[in-house]
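All remarks here apply to the structure that follows.
A, B, ... follow the sequence lines: proteins, then strands. Residue 1 opens every chain. All values reported here derive from a predicted model rather than from experimental measurement.
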Amino acid sequence: MAELHFYNSYTRQKEKFTSITPGYAGLYVCGPTVSGESHLGHARPYITFDVVQRYLKHLGYKVRYVRNITDAGHFEEEGRDAIDKVGEKAKLEKLEPMEMVHKYTSLFHYGMRLFNCEEPAIEPTATGHIIEQIAMIETIIEKGYAYEVNGSVYFDVKKYAENYPYGKLSGRILDDLLETTRELDGQEEKRNKVDFALWKNAPPEHIQRWISPWGEGFPGWHIECSAMSSKYLGETFDIHGGGMDLLFPHHESEIAQSTIAHGHPPVNYWMHNNMITINGKKMGKSYNNVIKFSELFSGNHPLLEQPYHPMVIRFYILQTHYRSTLDFSNESLQASERAFRRLWEAYELLQKINHPGNADAGDKTLDQQVITWCNECEDFMCDDFNTAKVIANLFEIAPVINGMKGGQVAANALSANTITLLKKTFKVFLEDVLGMQPLQAVQNNNFDKVISLLIEIRTDAKKRKDFATSDQIRNKLAEGGILLKDEKDGTVSYTIE
RNA sequence: GGUCGGAUGGCCGAGUGGCUAGGCUCAGCUCUGCAAAAGCUGCUACAGCGGUUCGAAUCCGCUUUCGACCUCCA
């Protein structure tokens, strides 16, 4: 098993990954709140961690990947009106909360499939784990780190900080938080403004409510992840992932809750992806600058010049390291589209190459270079999942493949072993690890027969120097998005836009 | 205000001390009936100012500037 290193947000440095149980890896990723349609910003963590879990599998780990669905009313507990996001939105849409949550969950899953994100092993919902959350809250109360007020339960952060390193993950200093001048409503029940809700009493008009030892109410936001991750991955598990914006307060709170409930920190490695920005600003509901999945795929949004294929989005995201911000623009998305098309066509060409099978390379220098490019892919992934560098290497190889077809690279330049390595590298990294798929599904035989017939007619016309007919066929097909290419060897291939 | 992280060629983006990532765009060339595709070549950048060093995009300091978090957020 190759040595995997990646950046641990908790220690703020790259570390060698050692799983708790050799050969097994547990990964928990904060999933979406299904009170609205997912947007481009959401694509980043789920594609990032899809690649993480794919690569762990590639390294031979048996991975249990858990990604939750937040379908319980987690509310803006520090916010102005303590709104239950799910309940409030449901009222607006005149939907049952369950109905709304189902709708957006389905849309989310639809997006995930299009992005070719593999399904998590377990996708627990917050509403399905109320009992576990209540049990965990009771334990925290028993241990003296939570208190009940008017049917709500709060975590005593100040007391926690006296005995544990509160704020280490997010670099927060408790005194600064206590001193903050920001005045927020709905704080009067708390002993300190830094305390966060574990359970919230439900006012009469609140739709989502469950019976608890403290009356009818609903769980706080942070507790669901702690309850569900420990249930399915254990009290201490390997990797917890999510967006950087969840560092505080969400993940900091998770650490505090779990540490008290279980007597030790919950996670060995924390991973955080950076944000997608738009005009330099984070894409988010509160900024009103989101582009939803459906808008992205249809192009139906004022900021979009055209629709973008899910695979183009995936490629665009993976061309950047996951810890860097990624700025949205039509220009960069279009660049990604062209680039991906070229790379994928080279890959298809590679699969068709019938190599003479000479044991010795005709061009030893090139042969060695190709071997190096291939082998480096593993090193790059093992160094903090550097998908950008993997893609760069695949692009280095593309001209070699195209050159073999075009005749610029001698057919025997590479040894048979190198060709085999090349085919394997593209398959493993481009398809299995990066999870890329072709932009269009493979055409069925009938379609191919029709196009082949047209190509045949055109080839005949060209032989007779009847360029009017040959150009007519080519141009008309081009109008329909089918591009013909006269290859150097006299054959004709086609691509579909 | 506090904490943290950025500033790389026309654009997007890797990269932590020497070996000019990669992509897109643009220009020229090869191939070609023409075109497209492909290949080749060119465009040598690291916010500014100091410092450390034989040598810095990469380390240190200061300045300018952008952003994230501090409130729900991927």
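With a cut-off of 3.5 Å on both pairing distances, the Watson-Crick and G-U wobble pairs of RNA chain B assemble into stems of 3 or more at B:1-7 with B:64-70, B:10-12 with B:22-24, B:26-30 with B:38-42, B:47-51 with B:59-63.
In summary, the side chains of A/Thr469 and A/Asp471 do not present any donor paired with an acceptor at a separation below 3.5 Å, with no hydrogens or angles considered. A/Asp50 and A/Gln53 share a side-chain donor-acceptor pair at under 3.5 Å. There is a side-chain donor-acceptor pair under 3.5 Å between A/Glu305 and A/Gln334. Between the side chains of A/Tyr154 and A/Lys200, at least one donor N or O lies within less than 3.5 Å of an accepting N or O.
Closest to the A/Glu396 side chain, of the nucleotides B/A14, B/A74, B/G22, is B/G22. The side chain of A/Lys389 sits closest to B/A14 out of B/A14, B/A74, B/G33. Side-chain proximity of A/Ala339 to B/C24, B/A21, B/A14: nearest is B/C24. Candidate nucleotides B/G13, B/A74, B/C70 were compared by shortest atom distance to the side chain of A/Asn273, and B/A74 ranks first. Taking the side chain of A/Ala388 as heavy atoms from C-beta on, and the options B/A14, B/C70, B/A74, the nearest nucleotide is B/A14. Closest to the side chain of A/Tyr287, out of B/A74, B/A68, B/A14, is B/A68. Distance from the side chain of A/Ala335 is smallest to B/C24 among B/A14, B/C24, B/A21.
For RNA chain B, the neighbouring residues in residues 242-255 of chain A, judged by any heavy atom under 4.0 Å, are A/Gly242, A/Gly243, A/Asp245, A/Leu246, A/Phe248.
Cation-pi contact between A/Arg67 and A/Tyr46: present, with separation from the ring centre below 6.0 Å and deviation from the ring axis of at most 45°. Taking the centre and axis of the six-membered ring of A/Phe218, the NZ or CZ atom of A/Arg209 falls outside the cone set by 45° and 6.0 Å. Seen from the ring of A/Tyr10, A/Lys168 counts as a face-on cation partner, given the 6.0 Å and 45° thresholds.
With hydrogens and angles disregarded, no donor-acceptor distance shorter than 3.5 Å links the side chain of A/Asp363 to the backbone of A/Ala413. Remark: side-chain polar atoms of A/Ser253 are not paired, donor with acceptor, to backbone N or O of A/His222 under 3.5 angstrom.
Within the 4.0 Å cut-off from OP1 or OP2 of B/A14, at least one side-chain nitrogen or oxygen of A/Ser324 is found. Residue A/Arg338 places at least one side-chain N or O under 4.0 Å from the OP1 or OP2 atom of B/U25. Listed pair A/Asn386 / B/G15 meets the phosphate criterion, a side-chain N or O lying under 4.0 Å from OP1 or OP2.
Comparing B/G22 with B/G15, their P atoms are spaced 14 Å from each other, to the whole Å. On the C1' atoms, B/G55 is 15 Å away from B/G51, given to the nearest whole Å. The P atoms of B/G61 and B/A45 are separated by 27 Å, rounded to the nearest whole Å. Using C1' as the reference atom, B/C46 and B/A14 are 12 Å apart when rounded to the nearest Å. Rounded to whole Å, the C1' atom of B/A37 lies 13 Å from the corresponding atom of B/U30. Separating the C1' atom of B/C66 from that of B/C24 is a span of 24 Å, rounded to the nearest Å. Nucleotides B/C59 and B/G5 place their P atoms 12 Å apart, quoted to the nearest Å. Straight-line distance between the C1' atoms of B/C12 and B/U64: roughly 24 Å, to the nearest whole Å.
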### Summary
Given protein heavy atoms under 4.0 Å, the one-letter contact record of nucleotides 34-40 of chain B, with B base, S sugar-phosphate only and - none, is simply BBBSSSS
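A/Gln319 has its CD atom 17 Å from the P atom of B/C11, to the nearest Å. A/Leu333 has its CG atom 14 Å from the C1' atom of B/G13, to the nearest Å. Between the P atom of B/G15 and the NE2 atom of A/His321 lies a distance of 6 Å, rounded to the nearest Å. Atom OH of A/Tyr322 is separated from atom P of B/G6 by 13 Å (rounded to the nearest Å). In this structure, A/Arg12 atom CZ and B/U3 atom P are separated by 13 Å, rounded to whole Å. Taking atom CE on A/Met404 and atom P on B/C31, their separation rounds to 23 Å, with Å as the unit.
A/Phe293 pairs with exactly one of A/Phe108, A/Tyr110, A/Phe115, A/Tyr104 by the ring-ring contact (aromatic ring centres under 6.0 Å, His included) rule, that one being A/Phe115.
Looking at heavy-atom distances under 4.0 Å, A/Phe340 makes no contact with the nucleic acid at all.
Note on A/Asp486 versus A/Lys462: salt bridge recorded, some NZ/NE/NH1/NH2 to OD/OE distance being below 4.0 Å.
Looking at every heavy atom in both residues, A/Ala339 comes nearest to A/Phe315 through CB-CE2, 4.2 Å.
Map A/Phe315 and A/Ala43 each onto its nearest nucleotide of RNA chain B; the residue landing nearer the 5' end is A/Phe315. Comparing A/Asn393 and A/Gly280, the nucleotide of RNA chain B nearest to each residue sits closer to the 5' end for A/Asn393.
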### Query
Run the side chain to side chain contact (heavy atoms under 4.5 Å, CB included) check on A/Val66 and A/Glu123 step by step: do they pass?
CA-CA 6 Å; A/Val66 180; A/Glu123 193 171 56; over 6 Å; no
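With centres under 5.5 Å and a plane angle under 30°, the ring of A/Phe467 is stacked against the base of B/G33.
When the shell of 6.0 Å around CD of A/Glu348 is examined, it contains more than 12 heavy atoms from other residues, nucleotides or ligands.
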